[in-house]
A.B. asks: 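Dropping the structure in here first, questions after.
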Amino acid sequence: MEFRDLKKQYQRYKIELDKAIHDVLEQTDFINGPSVKRLEERLASYAGVKHCITCANGTDALYLVLKAWNIGPHDAVFVPNFTFFATAEAVSQVGATPIFVDVDPYTYNISPDHLEKMIKDTIKEGKYHPKAIIPVDLFGLLADYSKIQPLAKKYKLLVLEDAAQGFGASYHGQRACSFGDAAITSFFPAKPLGCYGDGGAIFTNDDTLASLLRSLAVHGKGSDKYDNVRIGQNSRIDTLQAAILHVKLDAFINHELSDVNQVYQWYQEYLGDIVVTPTIPKHYISCFAQYSIQLNSYEERHMLKEFLELKNIPTMIYYRKTMHQQTAYAHLNISDHEYPVSIALTSKVLQLPIHPYLSQEDVLEITSHVKLFIQSYRGEHS
Ligand SMILES: *Cc1c(COP(=O)(O)O)cnc(C)c1O
């Protein structure tokens with residue numbers, strides 16, 4: 001069994017994918033081929049925003065937006081303490097300081113209450129200027145924008161939605177990549193919509209921001225390609241990846257998003273009474289980048305992971321460390337006491353296999369082993 005089975009997806013779409021790749025080889029338009037522009041149009045329309053700007057990866061996407069917003073030294077950007085490293089890394093790349101915010105123990109997303117506390121603390125301390133919030137749609141569930149947006153307005157902060165794990169998720173029908181002032185996603189192969197290498201995209205309704213981003217991502221080009229009006233970088237998706245993404249986007253829209261939600265339903269049915277399973281609040285649809293459960297203790301999780309490994313069931317731990325515990329941020333000397341939830345989660349969460357091609361038999365097999373283990377372990381340890 002695979003944790004995220006990209007082989008099954010390839011087998012199912014082999015003819016279409018091979019043709020898409022072959023067509024690019026025939027055309028030899030490896031950079032800026034026609035499928036790149038068409039992909040941007042399709043992604044913007046799917047997300048329901050005006051502009052989509054593709055780039056080399058999700059981390060660049062975050063960096064480019066912060067750069068375009070002129071965020072830099074002496075600025076503070078609020079990010080969840082429980083996320084993938086890139087969310088905070090991009091803030092540091094522009095020279096600003098990430099201010100870590102604790103998360104909700106059930107949705108795993110940035111806690112609006114703690115966010116307001118950290119904004120107030122930062123203002124009071126006066127060392128950095130608060131500029132932006134980067135909420136993350138962690139594991140495929142949208143952050144709570146109905147509470148984040150009013151805070152952003154109140155404290156005049158920009159909102160950058162990190163939907164690297166959230167593509168396809170929605171709230172009341174409004175899709176990921178359309179929240180905040182700008183949003184980003186990643187096409188890393190294991191993300192909900194993945195390509196066969198690296199890729200990323202930025203989304204916004206802001207015309208000025210969009211044209212600035214298009215310049216920054218292409219060596220700071222002006223209206224004339226050979227007049228460079230600012231220092232930018234080279235960050236683009238290549239035509240091959242865009243061609244692959246067209247096939248994958250069709251599959252994602254036609255059945256993958258609903259299939260992965262069916263897998264979630266099976267999991268809930270078999271595991272809901274045994275362990276803490278994902279909380280998907282009313283009117284939210286997750287795209288299930290991950291399926292997370294919570295165990296009672298570090299030891300229980302460790303033993304379950306080993307038990308499943310023996311049965312050839314792969315599991316992952318996202319995340320073993322909070323942001324403030326990362327060695328790269330040790331110099332910030334941040335104490336643990338602000339982050340009880342994030343810290344507790346690092347020792348309790350475990351991710352089980354999930355993807356649109358996981359069968360009901362597989363889910364039954366996984367969950368029956370989980371149940372067997374939990375019953376015997378808790379029987380001995382209660
Ligand atoms: C994967 C990921 C990124 C970075 O995306 P890349 O394309 O790998 O650079 C950023 N934020 C989050 C939350 C991610 O999961």
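Both counts, for ligands and for their atoms, begin at 1 and track the order of listing. Just so it is clear, the model here is predicted, and its values are computed rather than measured.
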A.B. asks: When rounded to the nearest 0.5 angstrom, what is the spacing between NE2 in His114 and CG in Asn81?
C.D. replies: 9.0 Å

A.B. asks: Distances only, to 0.1 Å: what are the N or O pairs between ligand 1 and the protein that fall under 3.5 Å?
C.D. replies:
| unit_1 | atom_1 | unit_2 | atom_2 | d |
| --- | --- | --- | --- | --- |
| ligand 1 | 5 (O) | Ser186 | OG | 3.4 |
| ligand 1 | 7 (O) | Gly58 | N | 2.7 |
| ligand 1 | 7 (O) | Ser186 | OG | 2.6 |
| ligand 1 | 9 (O) | Gly58 | N | 3.3 |
| ligand 1 | 9 (O) | Thr59 | N | 2.9 |
| ligand 1 | 9 (O) | Thr59 | OG1 | 2.5 |
| ligand 1 | 11 (N) | Asp162 | OD1 | 3.3 |
| ligand 1 | 11 (N) | Asp162 | OD2 | 2.8 |
| ligand 1 | 15 (O) | Gln165 | NE2 | 2.8 |
| ligand 1 | 15 (O) | Lys191 | NZ | 2.7 |

A.B. asks: Strictly below 4.0 Å, N to O, side chains only: are Glu300 and Arg378 in salt-bridge contact?
C.D. replies: yes

A.B. asks: Distance only, no hydrogens: is a donor on one side chain within 3.5 Å (strictly under) of an acceptor on the other, for Arg230 and Ser215?
C.D. replies: yes

A.B. asks: Show every salt bridge (Lys or Arg N to Asp or Glu O under 4.0 Å) that has at least one partner inside residues 272-299, sequence neighbours left out.
C.D. replies: none

A.B. asks: Under 3.5 Å, is there a donor on one side chain and an acceptor on the other for Asp18 and His22?
C.D. replies: no

A.B. asks: Could you go through Gln9 and Glu256, starting from their C-alpha distance and side-chain angles, then the distance that decides it, and tell me whether this counts as side-chain hydrogen bond (donor to acceptor under 3.5 Å, both in side chains)?
C.D. replies: CA-CA 10 Å; Gln9 186 196 42; Glu256 286 184 351; 2.9 Å; yes

